[in-house]
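Please read the structure below before turning to the comments.
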Amino acid sequence: MIRLQDLPCPAELTEEVVAHLTEKFQKTGNSVWKKEFIAKQLLALSNGKCCFSECKLQEEGKYPEAEVEHFAPKSLYPEEVVKWENLLPISSACNKAKGDYDTKIEPIINPRYEDPKDHFYFQGYRFRPKTEKGS
């Protein structure tokens, strides 16, 4: 995992659009975040990689679409379903592994805003913790 380069919110994701999509999600549960302009900007901030595993997304058909990770899970924090600061690009495997883990109650490293090197280091082909978040 490496530190991602944060990018501004896509121009299409205005406050009005966020309010509309959030309301729609809260009423219907539909996947309102599956928008090309969201995925494109998320892939740009990660250089086309998963935010956690760094596997190349959209490569050789392995990951045909980047999934959108809700760092604070949408099931627990539906008001943040399309909040730009809560979204990350992720592979299907990592998305399933993280599931609905509550990152507000038990924080983990958010590579968009934190440098993972501050929390763990690599030694003998293993990650070793520097901080509680790195363990």
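In this structure a side-chain-to-backbone donor-acceptor pair under 3.5 Å is missing from S75 to D100. A donor-acceptor pair is defined here as one N or O able to donate and one able to accept, closer than 3.5 Å; such a pair exists between the side chain of Y101 and the backbone of E106. In this structure, N30 contributes its side chain and V32 its backbone to no donor-acceptor pair below 3.5 Å. A donor-acceptor distance shorter than 3.5 angstrom exists from the side chain of T14 to the backbone of V17, with no hydrogens or angles considered.
No continuous path of hydrophobic side-chain contacts links I2 to I109 [ILVMFWY only; heavy atoms under 4.5 Å]. Note on Y113: it does not cluster hydrophobically with L88, by side-chain heavy-atom contacts below 4.5 Å among ILVMFWY residues. Criterion: ILVMFWY side-chain heavy atoms under 4.5 Å apart, direct or through other members. Under it, I90 and L76 are not part of a common hydrophobic cluster.
Taking NZ of K117 as the reference point, atom CE of M1 lies at 13.0 Å (rounded to 0.5 Å). Distance check: D6 CG to S46 OG gives 11.5 Å after rounding to the nearest 0.5 Å. Put simply, CG on L45 and NZ on K40 are 13.5 Å apart, with the number rounded to the nearest 0.5 Å. Atom CZ of residue F120 and atom OG1 of residue T131 lie 9.0 Å apart, to the nearest 0.5 angstrom.
Taking 4.5 Å as the limit, some side-chain heavy atom of L4 sits within range of a side-chain heavy atom of C51. Taking the side chain as every heavy atom from C-beta outward, P8 and Q41 approach each other to under 4.5 Å. F52 has its side chain within reach of K98: a pair of non-hydrogen atoms, C-beta onward, lies under 4.5 Å apart. Looking at P111 and R3, their side chains never come closer than 4.5 Å, going by heavy atoms from C-beta outward. In this structure, the side chains of V81 and L21 stay at 4.5 Å or more apart for every pair of heavy atoms.
Closest non-hydrogen pair, V68 versus W33, comes out as CB-CD1, 3.6 Å. The shortest heavy-atom contact between L57 and S91 is CD2-CA, 3.8 Å. What you find for K56 and N47 is that their closest heavy atoms are NZ-O, 3.3 Å.
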Derivation and outcome, side chain to side chain contact (heavy atoms under 4.5 Å, CB included), residues L13 and I38:
CA-CA 8 Å; L13 196 60; I38 291 174; 4.2 Å; yes
After noting the C-alpha distance and the side-chain angles of L42 and L87, does the key distance pass the side chain to side chain contact (heavy atoms under 4.5 Å, CB included) rule? CA-CA 8 Å; L42 289 175; L87 305 178; 4.1 Å; yes
- prompt: Do K104 and E80 pass the salt bridge (charged side-chain N to carboxylate O under 4.0 Å, His left out) test, and can you show the C-alpha distance, the side-chain angles, and the key distance before you say yes or no?
  reply: CA-CA 12 Å; K104 290 188 179 193; E80 296 184 30; 2.5 Å; yes
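Annotation: cation-pi geometry not satisfied between K74 and F25 (NZ/CZ under 6.0 angstrom from ring centroid, within 45° of ring axis).
Counted within 6.0 Å of NZ on K24, heavy atoms from surrounding residues, nucleotides or ligands total 12 or fewer; the atom is thus considered open.
Between R112 and E69 there is no salt bridge, since no side-chain nitrogen of the basic residue lies less than 4.0 Å from a carboxylate oxygen of the acidic one.
Checked against the 6.0 Å centroid threshold, F127 and Y121 do not count as a close aromatic pair.
Side-chain contact check for H119 and E114: at least one donor-acceptor pair (N or O, by modelled atom type) lies under 3.5 Å. A donor-acceptor pair shorter than 3.5 Å cannot be found between the side chains of Y77 and N86.
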